[in-house]
Amino acid sequence: MTIQFNTETFRDDYSFRNSDWAIKRFPFPFHEDSYMYSVNMEQHRGGPEGSVYEKRFDVDEHYVSEMQDRAIVLADDPLRCQSLPHMTLAGWDTLELIMVSKSEDYPDLFELHRDGNRWRWINKPMGIDHTFTFLDETTLPCGPLEYITRQAQGDYAVLDQRGDMLYMDAGMVTTQADWSLDFDIGMDFFEWHAPVPLAHEMGIFKRALKFLLNIQQGAPARRLNWTMTVNPLLDTSPENYHKWGIQKTSLTPENIGAKQHLRVELQTFYRLPRSNALLFPIRCYLIAFQDLVRIPKWGRRLHRVVRDLPDELATYKGFIANRPLMLDYLGRHDDGLPTSPGVWPDLDSEPPLQTQNDARSR
Amino acid sequence: MSAAPQKARAGAEKIDVIVSAVVPLNELVTRFEFTRADDKAFPPFSAGAHTVVEMRDGDRLRLNPYSLMSDPADSSQYAISVRRDDAGRGGSLFMHRSVKVGDRMKISYPVNLFPLDLRGRKHVFLAGGIGITPFMAMIAHLERMGGAWELHYACRNEALGTYVDQLTSRYPNKVHVYFDDRNQAIALEDLLDGQPLGTHVYVCGPKGMIDWVHATAAAHGWPDENVHSEEFLAPQPGKPFEVRLCRSDITIQVGESESLLEAMERCGVDAPFLCRGGACGQCETDVIEADGTFVHRDHWLDDEDHTSGKKIMPCVSRFVGKSLVLDR
């Protein structure tokens, strides 16, 4: 399959759009009509053809425009990419993993030719053809982590593992749901998760840490996380809160379908072979409410999830003030019919929305 | 989350290999080299990692962990060095007696429970006997990356000094060897005293040596995070005992020379594990009921857990008494 890359923006005029293809393959995160935290891990070993789970690092129609947006963020704020001195080897691990995966999974878009440590990397969508020496930083224009993650969608946290603890010691973070690498750099697992409500009391993080410490080479894992974003903004960072936070007050009943987006993170976890660090890619997918409700099952379910979510979670995810507006909109796309289990759209088996007009005309 | 979550099998992923060389090094230690059966490159590994080797010994499946001691940058082969333990349960004897060049075997992906702390400005290695193996890979790694290191290696005598000649000829200024039969001993206190800030110490060897290094370093004010150790325990034989596994709804017998974990596997229970040596914590199991005494041998549970009688590590620990019921 060849991908048509969009020309679009994630700022200013917000020309970001999902094609029909992107809507149908959106990673809808709710497998039932309610939501509560869970570690919800599964192996990351492919998935249904065409789904975002199929490849190790999913490439979609937003690839080129997301990389342009990342370059803009980095030009304004170089501290979005950091790597403590002992993490350089983990950076090379990351570069190797992404180059090998992409060239094997998308041979029409990416090529990697290796002759010992002499590597030639071809990235056709971005017009890059570069020969360098693996493990020799002087042959790259920047550090290995920055080099490869300027060419890979999603944020990347690189976690050092020492004495049964993980430390946020490197990363590339420009598409984040309101957290800051510059603030978290060097923190341990419990420190950087301190702001999350309820989950600590539930013992979620202790179990999650134990799971992550035991992720082994050759056996990556994945999970989904989600939040809400007004306007298709990739960079919802604390550093720029003064720019985007105010946009949350711009929602009206007329514009909510176009402006309000469900933001889903596909989080994956890889043990890096040379450094023994843990790579934590966090890939962000955005979908406007008006596109999401075109899948009747998702419209019904999202209404029920948002309606029944505990206040603490709606506050933490930053949409408690807009919840009434959201429920008003989503309620019009929930006819009360039951939904099929699981996350898939089930367009062939789930009935279209039953409107009051439908009912009258019968 | 997505379609049908695949259930993870116990243990790390496996690699099919062919034994490419069997090299006796001295009376007790033999090196085994493996190439991949599919001719692909081995995955890179981090120095200090081990692999679990599957041995088909008649009807019996043995799974023993061995440190990878080849150069981590060499993806054409993996190598381990195995010390024959005549009084052990038979895994090392099987390797020495039965494994021949050309044999097909399965080994696990690398798992690292003894990594280098990459923040270290300098790395001091303390090896006792066969405990030299993880340091062979660490030295190759640091030589490539330009890291500072020194090795202090205690052996019983010259004849049993595995890799001594190779190490002293390649790195004459960094390798210090001590022979027991010449009454040579590591001057640990002096050694710890002179190290620059940011030095990390690693010890691999018999339990007594590991305890000595930890205690001496602590007494000299070393932070615990700068002292690293690895000791693989082999399960010790013991009296047979009976265990009820509630979730699997079966009662099994643990034989004299098998571990509780091995007995579970023999009976078809897919119990989690990684290191099989009491160190990684994967096989930790809750005790539901026990009338008897636990023989805890692991490094994972703390003293409180050991005395509580609520947890057991089935890879190395045993039980003596009337009845034991586990949540497995």
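Chain letters run A, B, ... following the sequence lines, proteins first and then strands; every chain starts at 1.
- A distance of 7.0 Å separates CD in E13(B) from CD in Q43(A), rounded to the nearest 0.5 Å.
- One distance of note links OG of S46(B) with CD of Q217(A); it measures 6.5 Å at 0.5 Å rounding.
- Within the model, atoms CD of Q161(A) and CG of L113(B) stand 9.0 Å from one another, a figure rounded to the nearest 0.5 Å.
- Under the side chain to side chain contact (heavy atoms under 4.5 Å, CB included) criterion, H200(B) pairs with D117(B), R119(B), H123(B), Y202(B), N226(B), H228(B), sequence neighbours left out.
- For NZ of K122(B), the number of neighbouring non-hydrogen atoms (other residues, nucleotides, ligands) closer than 6.0 Å is greater than 12.
- Other residues, nucleotides and ligands place no more than 12 heavy atoms under 6.0 Å from the NZ atom of K24(A).
- Here F45(B) contributes atom CZ and R274(A) contributes atom CZ; the two are 10.5 Å apart, rounded to the nearest 0.5 Å.
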TODO: Starting from the C-alpha separation in whole Å, work towards a yes-or-no answer on side-chain contact (heavy atoms from CB on, under 4.5 Å) for M145(B) and L89(A).
DONE: CA-CA 9 Å; M145(B) 306 304 286; L89(A) 186 60; 3.9 Å; yes
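- When G48(B), P110(B), A49(B) are compared by the number of non-hydrogen pairs under 4.5 Å with chain A, P110(B) comes out ahead.
- Among the residues in residues 36-44 of chain B, those with a non-hydrogen atom closer than 4.5 angstrom to a non-hydrogen atom of chain A are P43(B), P44(B).
- Atom CG of residue L213(A) and atom CD of residue Q282(B) lie 10.0 Å apart, to the nearest 0.5 angstrom.
- With sequence neighbours left out, the ring pair (Phe, Tyr, Trp, His ring centres under 6.0 Å) criterion links W300(B) to no other residue.
- Atom-to-atom distance recorded for S275(A):OG and N112(B):CG is 10.0 Å, nearest 0.5 angstrom.
- At a 4.5 Å heavy-atom cutoff, D169(A) makes no contact with chain B through either its backbone or its side chain.
- By the 6.0 Å contact criterion, CZ on R247(B) is enclosed, its count of non-hydrogen atoms from other residues, nucleotides or ligands being greater than 12.
- Along residues 71-80 of chain B, no residue comes nearer than 4.5 angstrom to chain A, judged on non-hydrogen atoms.
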